[in-house]
Novice: 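Below you will find the structure I want to go over with you.
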Amino acid sequence: MLQLINFPHPTLRFQSKPIIRVDASLREMIGQMFDIMYENRGVGLAANQVNLPLRLFIANPTGEKGNGEELVFLNPVIRRSTGSTESEEGCLSLPGIHAAVKRNKSLHVKAYSMEGREIDMQVDGFLARIIQHEIDHLDGVLFIDRVSPETQRVLLDELSGFVSTHDSKQRQGMIPSDEQLSEQREEWLNRYCR
Ligand code: NI
């Protein structure tokens with residue numbers, strides 16, 4: 001059963017690896033990712049937010065199950081991005097934290113679907129913001145890395161709260177040790193990326 005992980009879990013800083021095979025259990029995990037995203041009222045979720053070190057993310061800009069389109073992007077790459085726009089963002093791995101983030105207004109994204117079909121989309125607006133946020137995740141980047149230094153100072157206390165929660169959960173064994181986590185990631189990489 002997949003579980004949402006929070007900052008500063010080390011898999012959120014992992015550079016996710018391209019997927020070379022898709023099997024029934026990966027498809028099943030993608031289904032679980034949608035459940036987790038809807039339960040937490042998100043509009044996008046990257047695989048490393050459920051501790052999978054794989055280059056894949058899901059999105060549904062409506063955030064509602066049964067509404068809008070469920071998008072799955074495997075091995076996404078942004079080709080061209082233009083314009084600049086600033087808007088408030090949050091992240092399921094940083095619950096309660098919101099801040100203004102500058103992003104490109106529109107972009108061209110290439111990826112693969114679960115069925116291996118090529119995705120080639122020109123995107124703008126909210127979906128373009130989601131795609132940039134999620135691809136950042138796959139590169140180990142969080143939206144708090146992209147806010148102004150003033151905002152980072154404002155967020156300092158809240159972020160250190162996340163760090164103490166993580167450390168105490170790890171001490172209590174509720175989160176595996178960094179070494180165990182790295183072994184888990186290796187297993188996923190052997191299964192889907194090598
Ligand atoms: Ni996020």
Side-chain angles (χ1 to χ4, degrees), residues 2-19 29-65 68-78 81 84-107 109 111 119 121 123-148 151-152 154-163 165-166 169 175 181 185 188:
L2 298 177
Q3 272 182 333
L4 188 62
I5 58 172
N6 280 353
F7 173 83
H9 191 294
T11 304
L12 293 173
R13 292 304 192 185
F14 190 80
Q15 174 80 38
S16 301
K17 298 288 183 284
I19 295 165
M29 289 191 285
I30 291 171
Q32 284 185 45
M33 285 174 65
F34 275 105
D35 293 339
I36 291 170
M37 182 182 84
Y38 293 130
E39 274 163 29
N40 293 278
R41 300 175 166 275
V43 291
L45 187 69
N48 53 343
Q49 293 182 273
V50 291
N51 202 30
L52 297 173
L54 314 174
R55 278 195 94 72
L56 117 80
F57 73 87
I58 61 163
N60 181 346
T62 72
E64 285 171 48
K65 198 184 172 100
E69 200 186 348
E70 294 194 332
L71 301 161
V72 179
F73 294 82
L74 271 65
N75 302 340
V77 181
I78 293 177
S81 38
S84 172
T85 168
E86 193 175 56
S87 190
E88 191 100 328
E89 283 188 24
C91 178
L92 297 186
S93 293
L94 286 149
I97 296 194
H98 296 90
V101 184
K102 260 193 205 135
R103 299 281 186 190
N104 285 121
K105 219 180 245 175
S106 58
L107 56 87
V109 63
I119 299 171
M121 287 167 81
V123 188
D124 58 17
F126 190 41
L127 182 56
R129 177 169 293 272
I130 297 172
I131 290 173
Q132 291 169 81
H133 178 113
E134 302 309 330
I135 291 181
D136 265 358
H137 270 300
L138 301 181
D139 293 327
V141 175
L142 297 168
F143 83 98
I144 48 169
D145 305 333
R146 295 201 182 275
V147 302
S148 67
T151 307
Q152 275 179 346
V154 172
L155 295 178
L156 217 54
D157 279 351
E158 279 181 276
L159 294 180
S160 59
F162 275 96
V163 173
T165 304
H166 176 86
K169 279 187 176 172
I175 295 173
L181 287 171
R185 286 194 298 266
W188 291 121

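Positions are given from 1, in the same order as the sequence printed here. Please read these numbers as outputs of a predicted model, since none were measured by experiment. Numbering of ligands and ligand atoms starts at 1, following listing order.
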Novice: Under 4.0 Å between a Lys/Arg side-chain N and an Asp/Glu carboxylate O for Arg13 and Asp139?
Specialist: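 Salt bridge between Arg13 and Asp139, a charged N being under 4.0 Å from a carboxylate O: no.
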Novice: Among protein atoms, how many N/O/S atoms lie less than 2.8 Å from the Ni ion (ligand 1)?
Specialist: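 Near the Ni ion (ligand 1), the number of protein N, O or S atoms below 2.8 Å is 3.
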Novice: Can you name the residues that form a side chain to side chain contact (heavy atoms under 4.5 Å, CB included) with Asp157, not counting sequence neighbours?
Specialist: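 Once residues adjacent in sequence are excluded, Asp157 has no partner under the side chain to side chain contact (heavy atoms under 4.5 Å, CB included) criterion.
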Novice: Please evaluate residues Thr11 and Asn51 with respect to the criterion side chain to side chain donor-acceptor pair (under 3.5 Å), reporting the C-alpha separation (whole Å), side-chain torsions for both, the decisive distance (0.1 Å), and the verdict.
Specialist: CA-CA 6 Å; Thr11 304; Asn51 202 30; 2.6 Å; yes
Novice: Show me the pairs that pass ring pair (Phe, Tyr, Trp, His ring centres under 6.0 Å) and involve residues 35-58, at least two apart or across chains.
Specialist: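 Pairs touching residues 35-58 that pass the test: Phe57-Phe73.
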Novice: Would you mind listing every salt bridge (Lys or Arg N to Asp or Glu O under 4.0 Å) that reaches into residues 32-51, with sequence neighbours excluded?
Specialist: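 Sorted result for residues 32-51: Asp35-Lys65.
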Novice: Are the side chain of Gln15 and the backbone of Gly140 linked by a donor-acceptor contact shorter than 3.5 Å?
Specialist: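 No, because the side chain of Gln15 does not come within donor-acceptor range (under 3.5 Å) of the backbone of Gly140.
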